[in-house]
Amino acid sequence: MAQIQVQGQNGSVNNGAGGGNNQFVPTSLYVGDLDSSVTEAQLYDYFAHVGPVLTVRVCKDLSTRRSLGYGYVNYGNPQDAARALDLLNFTLLNGKPIRIMYSNRDPSLRKSGAGNIFIKNLDKGIDHKALHDTFSAFGNILSCKVATDSSGQSKGYGFVQFDNEESAQKAIEQLNGMLMNDKQVYVGPFVRKQERDSAISNVKFNNVYVKNLSESTSDDDLKTIFGEFGLITSAVVMREPDGKSKGFGFVNFENTDDAARAVESLNGKKFDDKEWYVGKAQKKSERELDLKLQFEQSMKEAADKFQGANLYVKNLDDSISDEKLKELFSQYGTITSYKVMRDPSGISKGSGFVAFSTPEEASRALAEMNGKMVVSKPLYVAPAQRKEDRRARLQAQFSQMRPVTMSPSVAPRIQFR
DNA sequence: GTTGAGCGA
């Protein structure tokens with residue numbers, strides 16, 4: 001079946017969005033940022049308030065059956081879809097603002113990042129909707145969001161993705177440096193952190209790193225291929241003591257411009273069916289720093305995943321052992337770790353942690369076990385907090401918010417609401 | 001000071 005593109009008056013592009021009911025007008029909504037507890041029945045009921053819903057789906061991981069945090073709502077009528085987008089976008093579902101977009105199975109616009117802008121120094125009182133309303137004056141917004149912490153508090157920056165680059169340019173020109181709620185905002189093109197970093201640190205270089213080489217690629221092959229871009233002072237494929245290629249190498253150029261051009265044109269190219277990575281060679285110290293940062297990042301992500309499934313238990317009777325703790329909770333799901341905290345002499349601190357394989361299991365266990373009498377006293381059960389989160393929370397309790405004083409500016413005030 | 005995630009699993 002052919003996909004037909006419809007060009008809207010404002011330059012928006014809707015290509016016969018899924019659903020299978022209508023190829024020409026958008027009736028299918030993508031609903032993102034769903035809390036993992038949101039069910040299909042709930043989505044259905046919620047969106048049916050606006051008009052008759054044909055089908056809904058919450059996408060789930062095939063193996064774990066856990067919600068992937070997004071789904072689809074299909075209407076029969078495009079006006080209903082439009083109204084739902086307008087009325088329900090950013091409203092709370094199970095405590096979390098949902099983000100609605102027209103479904104578009106073609107990822108090219110999303111991937112290109114065209115029309116995507118970044119806003120910082122946002123007043124904490126500006127929410128998704130206020131941001132959306134302000135920026136919608138410049139064009140059709142595909143997606144918009146204020147970055148928030150786990151409690152929904154604004155982090156003071158956000159994103160707006162327009163459906164075309166011109167709208168983004170207009171928004172940047174007219175709003176960058178303006179006051180919103182008395183704070184002077186920065187509005188600029190969205191640049192991935194990684195790209196920003198490399199733009200700063202990628203000063204001139206002669207030495208080029210190339211990886212994902214096929215087994216058979218030789219020093220001479222590198223010389224030939226890279227030699228097209230300028231004079232090479234050395235080209236080496238790194239090898240094991242037995243001569244086997246390590247699959248990466250270094251090419252040193254006489255001239256930094258040639259090195260840059262080689263990176264520009266060869267990165268991502270395929271040789272012998274292997275897609276080469278070609279980039280500035282890092283010093284060993286730079287490489288190690290990168291690896292360290294990457295490692296820390298992945299640890300953080302792992303911790304985040306774990307978090308929702310981890311419970312903190314206190315008011316435990318001293319007689320409760322690790323095994324007993326596990327036993328108490330095991331009927332609610334698969335326990336992935338458990339521990340009673342003890343002081344150095346081995347005496348129970350009366351608290352501990354129980355982690356489940358999913359947040360759903362954990363919340364069931366919390367509901368059932370909190371306040372339950374065990375041995376001599378009622379258990380206290382709560383979601384486990386990460387150390388940093390806990391510290392931030394305690395600090396917030398004791399510190400007072402002060403109004404931010406901004407320096408005077410001639411820019412006109414942008415008023416929300 | 002803060003530069004996501006995102007399409008029918």
Side-chain angles (χ1 to χ4, degrees), chain A residues 1 3 13-23 26-36 40 43-44 53-75 81 85 89-90 96-124 126 128 131-132 141-150 152-163 168 171-172 176 183-200 293 297 300-301 304 388 392 404 406:
Chain A
M1 232 187 310
Q3 287 273 324
V13 173
N14 298 310
N15 61 5
N21 55 311
N22 196 326
Q23 285 293 116
T27 52
S28 291
L29 299 177
Y30 166 92
V31 186
D33 295 352
L34 290 177
D35 186 85
S36 64
E40 289 181 343
L43 252 201
Y44 182 94
V53 169
L54 299 185
T55 60
V56 298
R57 158 170 255 151
V58 169
C59 294
K60 303 191 186 78
D61 182 280
L62 199 54
S63 58
T64 67
R65 303 305 298 159
R66 285 202 51 198
S67 166
L68 290 169
Y70 69 89
Y72 299 90
V73 175
N74 301 303
Y75 286 97
L85 206 160
N89 204 8
F90 311 124
K96 213 176 148 197
I98 58 177
R99 183 168 51 90
I100 311 175
M101 301 165 67
Y102 280 114
S103 170
N104 185 354
R105 294 171 108 122
D106 176 4
S108 49
L109 216 179
R110 288 191 293 272
K111 274 183 74 178
S112 81
N116 205 8
I117 65 175
F118 172 69
I119 303 106
K120 69 178 172 185
N121 206 31
L122 269 180
D123 182 83
K124 299 279 164 93
I126 294 172
H128 308 293
L131 192 69
H132 187 280
I141 293 175
L142 294 181
S143 168
C144 158
K145 181 168 174 171
V146 173
T148 56
D149 64 18
S150 53
Q153 167 81 216
S154 166
K155 289 188 180 173
Y157 61 92
F159 313 90
V160 175
Q161 164 101 57
F162 288 100
D163 67 357
I172 291 169
N176 185 32
K183 286 194 78 161
Q184 189 175 18
V185 293
Y186 165 88
V187 182
F190 174 79
V191 184
R192 205 145 235 121
K193 185 178 162 68
Q194 192 187 321
E195 292 161 31
R196 232 163 355 109
D197 292 348
S198 62
I200 299 162
L293 292 174
Q297 184 62 30
K300 252 192 190 159
E301 276 162 17
D304 278 344
E388 315 92 84
V404 179
M406 293 292 295

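- When rounded to the nearest whole Å, the span between CG of A/Asp149 and C1' of B/dG1 equals 15 Å.
- Counting any heavy atom pair closer than 4.0 Å across all strands shown, A/Ser63 reaches no nucleic acid atom.
- Relative to the side chain of A/Phe190, the nucleotides B/dG4, B/dA5, B/dA9 differ in distance, and B/dG4 lies closest.
- Contact annotation: A/Lys120 reaches the phosphate of B/dT2 (side-chain N/O to OP1 or OP2, under 4.0 Å).
- Each of A/Arg65 and A/Tyr186 was matched to the nucleotide of DNA chain B holding its nearest heavy atom; the match closer to the 5' end belongs to A/Tyr186.
- Atom-to-atom, CG of A/Leu43 to P of B/dG8 comes out at 16 Å; the value is rounded to the nearest Å.
- Looking at heavy-atom distances under 4.0 Å, A/Ile119 makes no contact with the nucleic acid at all.
- The closest side-chain heavy-atom distance from A/Thr27 to A/Asn74 is not below 4.5 Å.
- Distance OH (A/Tyr70) to C1' (B/dA5): 11 Å, rounded to an integer number of Å.
- What you find for A/Ala81 and A/Tyr75 is that their closest heavy atoms are CA-CD1, 3.6 Å.
- In this structure, A/His132 atom NE2 and B/dG4 atom P are separated by 20 Å, rounded to whole Å.
- Checking B/dC7, B/dT3, B/dA9 against the side-chain heavy atoms of A/Phe118 singles out B/dT3 as nearest.
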Less than 3.5 Å apart, which donor and acceptor atoms pair up between the side chains of residues 58-65 of chain A and the rest of the protein, not counting sequence neighbours?
residue, atom, partner, partner atom, Å
A/Asp61, OD1, A/Ser63, N, 2.9
A/Asp61, OD1, A/Ser63, OG, 2.8
A/Asp61, OD1, A/Thr64, N, 2.9
A/Asp61, OD1, A/Thr64, OG1, 3.4
A/Thr64, OG1, A/Arg66, N, 3.2

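- Following rounding to the nearest Å, A/Asn121 (CG) and B/dG1 (P) show an atom-to-atom distance of 9 Å.
- Partners of A/Asp35 by side-chain hydrogen bond (donor to acceptor under 3.5 Å, both in side chains), not counting sequence neighbours, listed by chain and number: A/Ser37.
- Close to B/dA9, at under 4.0 Å from its OP1 or OP2, lies a side-chain N or O of A/Arg57.
- As rounded to whole Å, 15 Å separates atom P of B/dG4 from atom CG of A/Leu122.
- When distances are taken from the side chain of A/Thr55 to each of B/dG8, B/dG4, B/dG6, the shortest belongs to B/dG8.
- An anti orientation is assigned to B/dG6, its glycosidic angle lying beyond 90° of 0.
- Listed nucleotides B/dT3, B/dA5, B/dC7 differ in distance to A/Met101; the shortest reach to its side chain belongs to B/dC7.
- Atom CD in A/Glu40 sits roughly 15 Å away from atom P in B/dG8 (whole-Å rounding).
- In this structure, of B/dC7, B/dA9, B/dG4, it is B/dC7 that holds the atom nearest to the side chain of A/Ser103.
- By the criterion of a centre-to-centre distance under 5.5 Å and near-parallel planes under 30°, the ring of A/Tyr30 forms no stack with the base of B/dG6.
- The ring of A/Phe159 lies on top of the base of B/dG4, close enough and flat enough: under 5.5 Å between centres, under 30° between planes.
- Comparing B/dT3, B/dG8, B/dG6 against the side chain of A/Tyr157 picks out B/dT3 as the nearest.
- A cation-pi arrangement is not found for A/Lys145 relative to A/Phe159, the charged atom failing to lie both closer than 6.0 Å to the ring centre and inside a 45° cone about the ring normal.
- For the atom pair CG (A/Asn121) and NZ (A/Lys183), the distance works out to 4.5 Å, reported to the nearest 0.5 Å.
- The side chain of A/Ser28 has B/dG8 as its nearest neighbour among B/dA9, B/dT2, B/dG8.
- Across all strands shown, A/Asn116 has heavy atoms under 4.0 Å from base atoms, whether or not it also approaches the sugar-phosphate.
- The separation between A/Ile100 atom CD1 and B/dC7 atom C1' is 15 Å, rounded to whole Å.
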